[in-house]
Undergrad: 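Have a look at this one before I ask anything.
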Amino acid sequence: MRRAAVLGSGSWGTAFAKALADAGTPEVTIWARRPEVAAAMRERRVNPDYLPTMWLPDAVTATGDAAEAIDGADLVVLAVPSQTLRDNLAGWAGLIDPDATLASLMKGIELGTLKRMSEVVVEVAGVEPERVAVVTGPNLAPEIAAEQVAGTVVACRDIRRAELVQRAISTRYLRPYTNDDVVGCELGGAVKNVIALAYGMAVALGFGDNTRATLITRGLAETARLGAALGANPMTFAGLAGLGDLVATCSSPLSRNRTFGEQLGRGETLEQAQAATRQTAEGVKSCLSIRDLARSVGVEMPITEQVELVCHENLDPLKALAALMARETKPERPGVPSTGQ
């Protein structure tokens with residue numbers, strides 16, 4: 001890996017740029033939407049808005065010019081909010097080298113089209129699916145920025161490119177695993193944000209570990225059912241991209257989706273919760289597209305549906321929980337996904 005571009009200067013994009021540099025990439029350029037953020041990273045060597053205590057390695061620089069960031073990059077990392085990807089990438093696609101690998105750090109399902117992020121990349125950039133890798137798993141950016149030991153998953157249909165990205169981010173604190181199940185890895189990363197919103201609501205409402213464990217396990221069951229309907233490998237959901245990411249996002253106070261859910265559980269409006277967290281909680285919008293995707297393939301996702309009602313139809317979180325508890329009970333058959341459980 002000679003040169004990498006990280007398009008997006010949020011916490012995960014910035015931490016990922018650090019990992020690239022620490023793993024030996026000689027040139028890493030972060031594109032920031034706001035020029036003043038790019039200037040702060042160049043001159044003060046920190047990202048003041050998201051990771052103010054993490055020093056950027058010498059190999060990392062920043063710019064407000066996307067063309068400058070992408071020029072000559074053999075790895076282009078996409079780290080913008082998922083619902084902005086299409087518009088952003090439309091302006092960047094013509095700048096990307098013909099054989100560059102594109103890596104998605106985004107975890108969401110596009111509104112309207114119901115496409116996974118890798119599918120949006122393929123469509124908008126006009127590249128083969130084999131050129132698109134997905135990085136997912138328990139990726140709490142502040143912990144990785146602090147060099148706390150973590151695992152992650154690099155998924156790609158071309159395992160050679162997955163291994164290329166794997167080598168590019170392998171450090172003493174970040175251990176990447178490869179996987180060829182792009183569908184399962186992306187679904188795990190998208191749905192866990194929605195389940196974490198429900199988990200945060202339960203925390204704010206004072207529910208204990210039994211409730212929380214139930215949300216995690218039944219949330220995983222929802223994810224696996226949707227994955228089975230869309231052709232994912234069921235074993236993916238037992239690994240870092242499934243259970244690992246779900247547990248971290250639900251249980252950690254660093255999780256923006258859990259934190260957002262806590263605000264909603266305290267009775268705050270969507271706007272108040274957004275003002276309090278000051279970061280994008282992908283699950284708020286993705287709950288709509290995931291609900292629609294599930295309905296399109298006949299899969300029941302009751303937690304996702306209740307989260308959507310709380311977020312977008314002002315349902316009281318306590319009433320959402322009551323609706324979940326009032327559902328008809330069915331036999332639990334772990335490892336056997338069904339559309340009606």
Side-chain angles (χ1 to χ4, degrees), residues 12 81-83 104-111 113-120 134-140 152-153 155 179 181-202 212-252 255-258 260-261 280-312 320 324 334 337-339 341:
W12 183 210
S82 59
Q83 303 304 328
S104 167
L105 305 190
M106 300 161 293
K107 297 178 178 179
I109 302 294
E110 188 177 43
L111 291 167
T113 69
L114 308 185
K115 291 181 182 290
R116 292 175 283 106
M117 293 296 99
S118 67
E119 294 178 304
V120 176
V134 171
V135 181
T136 188
N139 301 141
L140 294 164
T152 193
V153 178
N179 195 320
D181 181 17
V182 175
V183 175
C185 287
E186 286 192 288
L187 289 176
V191 180
K192 59 93 182 182
N193 286 329
V194 179
I195 307 304
L197 288 170
Y199 189 100
M201 294 177 207
R212 301 178 195 192
T214 300
L215 283 170
I216 288 175
T217 51
R218 298 314 303 161
L220 187 63
E222 290 193 11
T223 310
R225 287 201 299 272
L226 181 59
L230 295 173
N233 181 347
M235 292 305 297
T236 296
F237 303 110
L240 285 169
L243 180 60
D245 203 3
L246 180 60
V247 168
T249 306
C250 286
S251 62
S252 175
S255 162
R256 64 190 68 173
N257 286 279
R258 172 191 156 147
F260 201 104
T280 300
E282 295 280 13
V284 173
K285 291 183 178 179
S286 285
C287 65
L288 292 162
S289 49
I290 292 168
R291 177 204 63 186
D292 291 345
L293 179 61
R295 289 177 178 176
S296 75
V297 292
V299 172
E300 286 188 81
M301 300 187 71
I303 299 174
T304 299
E305 296 218 354
Q306 293 301 318
V307 168
E308 184 276 325
L309 290 172
V310 172
C311 287
H312 301 287
L324 288 171
S338 71
T339 58
Q341 188 171 327

Undergrad: Going through the distances and angles, do Val153 and Val135 end up as a side chain to side chain contact (heavy atoms under 4.5 Å, CB included)?
TA: CA-CA 6 Å; Val153 178; Val135 181; over 6 Å; no
Undergrad: I need the minimum non-hydrogen distance between Ser289 and Leu114, along with the two atoms involved.
TA: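 Answer, listing the atom of Ser289 first, then Leu114: O-CD2, 3.5 Å.
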Undergrad: Hey, does Cys311 have a side-chain heavy atom less than 4.5 Å from the side chain of Leu197?
TA: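 Yes, close enough: below the 4.5 Å cut-off.
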Undergrad: Please find the pair of heavy atoms, one from Arg258 and one from Ser251, that lie closest to each other, and give the distance.
TA: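 Result for this residue pair: NH1-O, 2.8 Å.
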Undergrad: If you round to the nearest 0.5 Å, how far is NZ of Lys285 from CD of Glu308?
TA: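 Between atom CD of Glu308 and atom NZ of Lys285 there are 14.5 Å.
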Undergrad: Is Ile109 close to Lys115 at the side-chain level, that is, under 4.5 Å between some pair of heavy atoms?
TA: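 No, every pair of side-chain atoms sits at 4.5 Å or beyond.
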Undergrad: Mind running side chain to side chain contact (heavy atoms under 4.5 Å, CB included) on Leu288 and Arg291 for me, showing each step along the way?
TA: CA-CA 5 Å; Leu288 292 162; Arg291 177 204 63 186; 4.1 Å; yes
Undergrad: Kindly compute the distance separating CG (Asp292) from CG (Leu111), expressed to the nearest 0.5 Å.
TA: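 Output value for this atom pair is 8.5 Å.
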Undergrad: Please walk me through it: do Leu246 and Ile195 pass side chain to side chain contact (heavy atoms under 4.5 Å, CB included)?
TA: CA-CA 8 Å; Leu246 180 60; Ile195 307 304; 3.7 Å; yes
Undergrad: Between atom CG of Leu140 and atom OG of Ser252, what is the distance when rounded to the nearest 0.5 Å?
TA: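 Nearest 0.5 Å value for the CG-OG distance: 4.5 Å.
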Undergrad: Distance-only, no hydrogens or angles: does the Arg225 side chain make a donor-acceptor pair with backbone N or O of Glu300 under 3.5 Å?
TA: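 Side chain of Arg225 to backbone of Glu300: a pair is present.
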Undergrad: Please determine, by modelled atom types, if Glu222 and Thr304 share a side-chain donor-acceptor pair under 3.5 angstrom.
TA: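 Yes, side-chain donor-acceptor contact under 3.5 Å.
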Undergrad: Using only heavy-atom distances, determine whether the side chains of Asn139 and Thr152 contain a donor-acceptor pair under 3.5 Å.
TA: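 Yes, a side-chain donor-acceptor pair sits under 3.5 Å.
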Undergrad: If you look only at distance, which donor and acceptor atoms sit under 3.5 Å apart when one is on a side chain in residues 236-244 and the other is two or more places apart or in another chain?
TA:
from	atom 1	to	atom 2	distance (Å)
Thr236	OG1	Asp181	OD2	2.5
Thr236	OG1	Asn233	O	3.3

Undergrad: Taking Val284's backbone N and O only, do any of them form a donor-acceptor pair with His312's side chain (distance below 3.5 Å, no angle check)?
TA: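 Side chain of His312 to backbone of Val284: a pair is present.
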Undergrad: Are Arg295 and Glu305 close enough for a salt bridge, meaning some N to O gap below 4.0 Å?
TA: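 Result for this pair is yes, salt bridge flagged.
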Undergrad: So, taking the atom named CD1 in Ile216 and the one named SG in Cys250, what distance separates them when rounded to the nearest 0.5 Å?
TA: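 Taking CD1 in Ile216 and SG in Cys250, the distance rounds to 4.5 Å.
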Undergrad: Locate the shortest heavy-atom distance separating Gly137 from Lys107; write the atom from each residue and the value.
TA: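 Result for this residue pair: O-NZ, 2.9 Å.
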Undergrad: Name each donor-acceptor pair under 3.5 Å that joins a side chain in residues 184-192 to protein atoms two or more places apart or in another chain, with its distance.
TA:
from	atom 1	to	atom 2	distance (Å)
Glu186	OE1	Arg116	NH1	2.6
Glu186	OE1	Ser118	OG	2.6
Glu186	OE2	Met117	N	3.3
Glu186	OE2	Ser118	N	2.8
Lys192	NZ	Thr249	OG1	3.1

Undergrad: Test Val194 against Ile303 for side chain to side chain contact (heavy atoms under 4.5 Å, CB included), laying out the working first.
TA: CA-CA 8 Å; Val194 179; Ile303 299 174; 5.7 Å; no
Undergrad: Keeping Glu282 on the side-chain end and Ser82 on the backbone end, is there a donor-acceptor pair under 3.5 Å?
TA: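 Yes; at least one donor-acceptor contact below 3.5 Å.
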Undergrad: Within this structure, what is the CG-CH2 distance for the pair Leu105 and Trp12, rounded to the nearest 0.5 Å?
TA: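 Answer for the CG-CH2 pair, Leu105 versus Trp12, is 6.0 Å.
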Undergrad: With a 3.5 Å distance limit and no angle check, can you tell me whether Asn257 reaches the backbone of Gly283 through a side-chain donor-acceptor pair?
TA: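 Yes, the answer is positive, given that a donor and an acceptor are paired below the 3.5 Å cut-off.
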